[in-house]
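Reading through the structure tokens given below for one structure.
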Amino acid sequence: MNTSVKIAGVEFKNPVTTASGTFGSGMEYSQFVDLSRLGAVTTKGVALTPWQGNPTIRVTEVYGGMLNAIGLQNPGIDVFCERDIPFLKKYDTKIIVNVCGKTVEEYVGVVEKLSEQPVDMLEINVSCPNVKEGAIAFGQDAKALENITKEIKKVAKQPVIMKLSPNVTKIADMARAAKAAGADAISLINTITGMKIDINRKTFVLANKTGGMSGPAIKPVAVRMVYECAQAVKIPIIGMGGISCAEDAIEFILAGATMVAVGAANFSNPFATVEVIDGIEEYMKRQNVTDINELIGAVR
Amino acid sequence: MNTSVKIAGVEFKNPVTTASGTFGSGMEYSQFVDLSRLGAVTTKGVALTPWQGNPTIRVTEVYGGMLNAIGLQNPGIDVFCERDIPFLKKYDTKIIVNVCGKTVEEYVGVVEKLSEQPVDMLEINVSCPNVKEGAIAFGQDAKALENITKEIKKVAKQPVIMKLSPNVTKIADMARAAKAAGADAISLINTITGMKIDINRKTFVLANKTGGMSGPAIKPVAVRMVYECAQAVKIPIIGMGGISCAEDAIEFILAGATMVAVGAANFSNPFATVEVIDGIEEYMKRQNVTDINELIGAVR
Amino acid sequence: MQICEEAKLIETNKLSDGIFEMYIKTRVASLAKPGQFVMVYPKDSATLLPRPISICEVSDGELRLVYRVQGKGTKEFSLYKEGEMVKILGPLGNGFPVEEGKGKRSILIGGGIGVPPILELAKALKGEDVTILAGYRNSDMFLDEDFKKQAPLEVATEDGSVGVKGNVMDVIREKNLKCDVIFACGPMPMLRAIKKYAEENGVTAYISLEERMACGVGACLGCVCKTTHKDSHSHVNNARVCTEGPVFEASEVEI
Amino acid sequence: MQICEEAKLIETNKLSDGIFEMYIKTRVASLAKPGQFVMVYPKDSATLLPRPISICEVSDGELRLVYRVQGKGTKEFSLYKEGEMVKILGPLGNGFPVEEGKGKRSILIGGGIGVPPILELAKALKGEDVTILAGYRNSDMFLDEDFKKQAPLEVATEDGSVGVKGNVMDVIREKNLKCDVIFACGPMPMLRAIKKYAEENGVTAYISLEERMACGVGACLGCVCKTTHKDSHSHVNNARVCTEGPVFEASEVEI
Ligand SMILES: Cc1cc2nc3c(=O)[nH]c(=O)nc-3n(C[C@H](O)[C@H](O)[C@H](O)COP(=O)(O)OP(=O)(O)OC[C@H]3O[C@@H](n4cnc5c(N)ncnc54)[C@H](O)[C@@H]3O)c2cc1C
Ligand SMILES: Cc1cc2nc3c(=O)[nH]c(=O)nc-3n(C[C@H](O)[C@H](O)[C@H](O)COP(=O)(O)OP(=O)(O)OC[C@H]3O[C@@H](n4cnc5c(N)ncnc54)[C@H](O)[C@@H]3O)c2cc1C
Ligand SMILES: Cc1cc2nc3c(=O)[nH]c(=O)nc-3n(C[C@H](O)[C@H](O)[C@H](O)COP(=O)(O)O)c2cc1C
Ligand SMILES: Cc1cc2nc3c(=O)[nH]c(=O)nc-3n(C[C@H](O)[C@H](O)[C@H](O)COP(=O)(O)O)c2cc1C
Ligand code: FES
Ligand code: FES
């Protein structure tokens, strides 16, 4: 049975990675999950310099999911290269580094610093709804997305995944823009912007007012968008949004995702990633599928 | 204690109505709910001629919600005027008629036919994701929305509510377009387009492939959009999306909604509307609020 | 009249592999007719839509429901304990036209998980010229003993372990059963075969259809089926299974 | 080492109005230190985030958790029956630095639902010069009998029905309590007052903070608090309460 997939020449032992920001750099979950079992670890967004992130309350629960407004707190690329990459290199897994920034120059700066690092792919987060400057602005305008993708592709030594925002009218247009600018792959969906109000205290629950929604509640939207992108462009897709079991992951794969990422589910079940991997294999056995690549985009 | 609210000169005894398409014309639920208790009944979308709707499967459950792709099956405006309006007139409640169409002319045609009818308001559905022509196309483009709103306002004798689609990049732009064209109010959100795949049969669950997502799962997105619109335009808002109890309704009101609509919750609880009304009164008592209008948009 | 209430689970049993029954004490019982159904509301809050389940038997203010564990909702039902409160809505739908079976030769056909509603119908037609015909996968049958108390029972099993090997149509052919009217509930291929048989043999067939439902009361228009006549709601030949059905005269529907 | 497992609920009781306890048999018990906490995962599938609950007492491979019914999750916990399996993750966080209480005069302060972790700490400091100070709303107290077995107990109640009327700071003032070190857990205003008192009186205070959490293990960066020093993760003076905390030296944090 083959569960390995390939994106832009990089081979992953299985199609399961972690959703950026929900798994740190793997360290915290390494006591529950053998990181070498994962197709890849996708790390928390990293910027050129350390970022403070937003004030708390940063996370809250909603029906069937959660909102977060972390605001991309991170130690900056230098600490990351010194500490997190060497840690991850100890495992037999691929490394996808999620990159954030406030300006095109910042993104490019991080990508340059990563160009000499032993990481396998870059995922460019142009879709974080929780920071004021940059981020989502690039992900909600096809022109801006095309431009930043081009600039990044100029300096990137590793294949580039553009991570799309679901907070758009036509996700397929964004996929087309990313592809036109030379993106090697796209990943989606980032969180959907949401809000929760505390009716007793008559105020927003999150200090940032709005937060990004994730978890099972957003899955139908994510599957739909993966499908729309798969129909629109012929570049590999990493699908995510509410995946908490193998059945969820397979939905994304059938809709057109080459890989899938497990996000908020790690919080409700630290073993979620491995259970998804095992479950995919069981499904393939049950369905007599010998190569996972047969399933990718099989529903049209 | 005052629970009555006013929109465009129409007074509602309380801020609770039904979400179009989830309550028929009230007939089916009238054995569980005294329709005279409701602020208003908002009826299922009605077109110029009878519509068949989509093939089945038309509804399916998703985590914390459901998808529907009814495709606006309806008997057409003539049967509606003969049968449904007289039925509703027997109750002491306001009538909001939801209008759909494939072309601007069709919408205008329905609105004209309604102009001599004893109904209180019109809600124009430019946001149904489940029909190919018209509908959502008007709701995803600010120019198109402005245009159709203007045409409808030319012939409408009742105040006009434009019902917005959440499947857009910037909901506030749509609110501004509706207002600029003379809409008396806006309502939101219609369903979010989603998809469910049956991994055993390897096919879409819904015959229409995609469907509109509703239910508690979409509430945080809906509250956020109501808030954004309330900050952007000063016209009354009817808020909906996942309201299943009074606490949910109050979130929308605090975010800026003058009225709220109960949708899919009717399916999980036929008494939902009345429980929401009762619960709002209890909350007002608990919080010592004497006039519901104090709560509208109180969180900023 | 329809009622939505929390009803008490009096008894619950496993009948065969994956098949369970529950007896619930409810005011719905006094209103229920054969072929009608109830909505049962799961409690898990991620599972929001009610599940349509046919009325299998009515007695002493109790409803008997027999169901197969299919997905999340029915799985949850199967874990309920006696004494638990279960939210239900019903009775829903039109039910079988019992009077059409009076004074005539009827065959009552149930296939698979369509078997349960046949029991209450058989009780309503007790004393009439009735044959019950039930199709199962294998010898792991359910309700067969109950049927035998009401009328002669013929069985088809897919593996031939009991009765005729094959499906219910094979029984009719093999045993050369004759009738004026058929009442049936079961999987779509079976209903299609019955519709065809009825047309070819000048028999009237009443078939109970399944469709995905959200409201159960006719409001959402989720559960329609194509009809040859104008439906009462939208006049577009799309009758609501939950309201105009689930039982239709076979010649009226396109299936 | 941290463990995530299904653990068995051995016993559950209501302690006072809205306050419940559960004893659970778990491998986490053998690893737990005072001031650490566990995540308890609700079962309802609309409730996805685990709930942080302090370790109140450890004994015989069992954890005792004492919690107030606050919202959906804790409501669910309060309905659990003995024998039920409960998913937990722990032990989490750093816990109180017990050694800092050795050979010194300590006051252990618990306020409201911050009272529980003080018990295991009092047990760890048994025999030392310890005063326990607990603040309740009214005479509807909990854990007070347990405390008395470990060390002298002073009580403050908001309504004055037991002990000193007012809050824990009022007790310190009225009774003129002196100490070298304070260990505290409770509401933010109380912790702020203790931080101020510690600064003004040259006392070291260790305070246990609360923050909204998603992962509990340091991965999500949801639960940070402002620190005066660079935090170990992001080097931006934002320590993770779940990992670098929940216990901080009061002078290190901006609250
Ligand atoms: C009028 C009517 C009477 C029925 N009577 C019985 C009965 O007596 N015994 C019995 O075992 N089953 C009966 N069914 C089928 C039963 O409703 C489904 O098996 C059940 O809804 C599955 O729910 P689930 O949560 O276990 O499955 P899931 O797959 O988790 O359900 C997901 C969603 O799909 C719906 N769904 C799935 N399968 C069906 C289906 N076959 N028909 C309608 N909706 C479905 C569910 O209601 C739910 O909304 C009847 C169906 C109808 C329409
Ligand atoms: C380190 C730590 C130790 C704690 N120890 C205890 C204890 O021993 N006993 C006890 O009764 N309570 C304790 N709490 C508070 C407890 O976690 C909350 O009361 C509980 O999470 C509320 O959950 P709920 O589902 O009942 O409320 P809901 O309001 O439904 O919860 C919604 C979300 O908000 C979170 N939340 C709500 N209130 C709080 C809070 N005060 N702190 C953190 N998260 C919150 C929940 O975890 C959940 O994610 C502790 C909190 C922390 C951070
Ligand atoms: C706490 C948290 C932090 C996140 N941080 C990032 C981030 O740094 N970069 C990024 O691209 N996406 C980030 N995301 C988005 C996730 O990677 C993912 O796209 C989203 O959560 C949807 O997947 P899920 O529903 O499985 O969680 C974050 C999500 C959460 C919940
Ligand atoms: C079965 C169904 C049918 C609907 N039909 C209509 C419709 O005819 N016109 C319309 O404007 N909205 C329609 N809607 C959308 C609802 O009015 C509402 O905007 C949406 O469901 C969100 O609210 P909820 O989450 O409370 O259901 C329909 C929704 C459902 C679930
Ligand atoms: S289930 Fe809603 S109309 Fe039949
Ligand atoms: S709860 Fe996730 S970092 Fe603390």
Side-chain angles (χ1 to χ4, degrees), chain B residues 18 21-33 44-47 49-76 78-80 83-84 205-207 211 214-217 242 244 263-271, chain C residues 1-6 31 39-52 70-73 87-92 188 209-227 230-245 253-255:
Chain B
T18 56
T22 65
F23 206 74
S25 292
M27 236 170 270
E28 290 81 8
Y29 280 103
S30 61
Q31 54 183 330
F32 305 109
V33 170
K44 169 75 184 165
V46 61
T49 53
W51 285 14
Q52 288 256 338
N54 290 322
T56 57
I57 294 176
R58 289 181 174 184
V59 292
T60 188
E61 189 178 76
V62 294
Y63 207 105
M66 62 176 286
L67 298 178
N68 90 78
I70 308 297
L72 294 172
Q73 176 179 331
N74 78 85
D78 294 335
V79 171
F80 181 84
R83 178 184 65 190
D84 298 322
V205 172
L206 298 176
S214 60
S244 59
N266 291 300
F267 307 152
S268 24
N269 175 13
F271 308 110
Chain C
M1 198 178 89
Q2 291 164 351
I3 290 171
C4 180
E5 67 175 12
E6 296 277 340
L31 304 166
M39 281 294 201
V40 185
Y41 296 78
K43 298 180 190 192
D44 185 283
S45 40
T47 319
L48 289 160
L49 295 181
R51 275 35 181 181
Q70 171 91 3
K72 273 166 122 187
K87 189 168 134 190
I88 64 163
L89 164 67
L92 301 173
M188 200 47 99
L209 301 185
E210 264 189 14
E211 192 44 76
R212 303 297 167 111
M213 298 182 173
C215 71
V217 297
C220 75
L221 306 181
C223 66
V224 299
C225 79
K226 288 249 149 290
T227 48
K230 287 208 169 168
D231 63 278
S232 66
H233 179 278
S234 305
H235 304 201
V236 290
N237 300 16
N238 263 344
R240 295 163 297 183
V241 172
C242 70
T243 316
E244 281 89 59
V253 287
E254 291 170 22
I255 54 174

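Computed from a predicted structure; not experimentally measured. Numbers restart at 1 for each chain; the letters A, B, ... are given by sequence-line order, proteins then strands.
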Examine distances only and state if a side-chain atom of B/Gln31 and a backbone atom of C/Gln2 form a donor-acceptor pair shorter than 3.5 Å. yes
Option from B/Leu72, B/Val79, B/Asn74 for which side chain to side chain contact (heavy atoms under 4.5 Å, CB included) with B/Val46 holds: B/Asn74
Among C/Gly216, C/Ser45, C/Gly218, C/Pro50, single out the residue with the greatest number of heavy-atom pairs under 4.5 Å to chain B. C/Gly218
Check each of C/Thr47, C/Leu49, C/Leu48, C/Leu89 against C/Tyr41 using the side chain to side chain contact (heavy atoms under 4.5 Å, CB included) test, and report the only one that passes. C/Leu89
Side chain, backbone, both or neither of B/Glu61 within contact of chain C (heavy atoms, under 4.5 Å): both
Evaluate the side-chain proximity of C/Lys230 to C/Asn237: yes if any heavy-atom separation is below 4.5 Å, no if none is. yes
Does any donor atom in the side chain of B/Arg58 or B/Gln73 lie under 3.5 Å from an acceptor atom in the other side chain? yes
Using non-hydrogen atoms only, which part of B/Phe32 is less than 4.5 Å away from chain C: side chain, backbone, both, or neither? side chain
Measure B/Asn68 against the heavy atoms of chain C and call it side chain, backbone, both or neither at under 4.5 Å. neither
Chain C heavy atoms under 4.5 Å from B/Asp84: which part of the residue, side chain, backbone, both or neither? neither
Side chain, backbone, both or neither: which part of C/Met39 has a heavy atom under 4.5 Å from chain B? neither
Electrostatic pair B/Glu28:B/Lys44 at N-O distance under 4.0 angstrom: no
Counting only heavy atoms closer than 4.5 Å, note whether C/Glu211 contacts chain B via side chain, backbone, both or neither. side chain
Side chain / backbone / both / neither for B/Tyr29 at chain C, heavy atoms under 4.5 Å: side chain
